[in-house]
Amino acid sequence: RIEKDLKKNPALDVSSPRKKLDYIDVSEYCPLLTYNWDIFENFFRNKQRTDMHFANLQDFRNSEMHTRDKSDVTQKLGEAAVTWIHSVIK
């Protein structure tokens, strides 16, 4: 995606790792965290719980963005995931 946007806008600044993060999808968060767990472990502490919350976030996001009906459970688990992730990263 970065290459595609750079073709449209050569002046686009994606020089820092932080700016590159703007180009990843929710579905890529968990693999990124898992691959770099040694970096993120101090923040998230529990890998299984982290995986669970990011999976719930992805289910919630997909149903929202693709205008699918979602169950009350998906809604609440998604909201809980957002709350949990926010509490970790703030």
Which distance, rounded to the nearest 0.5 Å, do you find between the [atom1] of [X] and the [atom2] of [Y]?
X: Ser63; Y: Arg68; atom1: OG; atom2: CZ; value: 7.5 Å
X: Lys47; Y: Phe40; atom1: NZ; atom2: CZ; value: 12.5 Å
X: Thr67; Y: Asn62; atom1: OG1; atom2: CG; value: 11.5 Å
X: Asn56; Y: Gln75; atom1: CG; atom2: CD; value: 12.0 Å

Without swapping roles, check the side chain of Thr34 against the backbone of Cys30 for a donor-acceptor pair under 3.5 Å.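 At least one qualifying donor-acceptor pair exists.
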
So, the side chain of Glu28 versus the backbone of Asp25: is there a donor-acceptor pair under 3.5 Å, distance only?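 Such a contact is found between Glu28 side chain and Asp25 backbone.
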
Shared hydrophobic cluster for [X] and [Y] (ILVMFWY, side-chain gaps under 4.5 Å):
X: Tyr35; Y: Leu33; value: no
X: Ile2; Y: Leu21; value: no
X: Ile24; Y: Phe54; value: yes
X: Leu57; Y: Phe43; value: yes
X: Trp37; Y: Ile89; value: yes

Minimum heavy-atom distance between [X] and [Y], given as atom pair plus value:
X: Thr74; Y: Phe60; result: O-CD1, 3.9 Å
X: His53; Y: Ala81; result: O-CB, 3.2 Å
X: Thr50; Y: Phe44; result: OG1-CB, 3.1 Å

Scan the side chains in residues 7-15 for donor-acceptor partners under 3.5 Å anywhere in the protein, sequence neighbours excluded, and list what turns up.
unit_1, atom_1, unit_2, atom_2, d
Asn9, OD1, Ala11, N, 3.2
Asp13, OD1, Ser15, N, 3.1
Asp13, OD1, Ser15, OG, 2.7
Asp13, OD2, Lys19, NZ, 2.5

Can you establish whether the number of heavy atoms outside His86 located under 6.0 Å from its atom NE2 is more than 12? no

Would you call Asp72-Lys76 a salt bridge at under 4.0 Å N-O?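 The answer is no: the pair does not qualify as a salt bridge.
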
With a cutoff of under 4.5 Å between side-chain heavy atoms, which Ile, Leu, Val, Met, Phe, Trp and Tyr residues group with Leu77?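 Its cluster partners, ordered by chain and number, are Val73.
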
Let's go through Arg49 and Trp84 carefully: what are the C-alpha distance in whole Å and the side-chain angles of both, what is the deciding distance for side chain to side chain contact (heavy atoms under 4.5 Å, CB included) to 0.1 Å, and is it a yes or a no? CA-CA 10 Å; Arg49 186 171 297 270; Trp84 184 84; 3.9 Å; yes

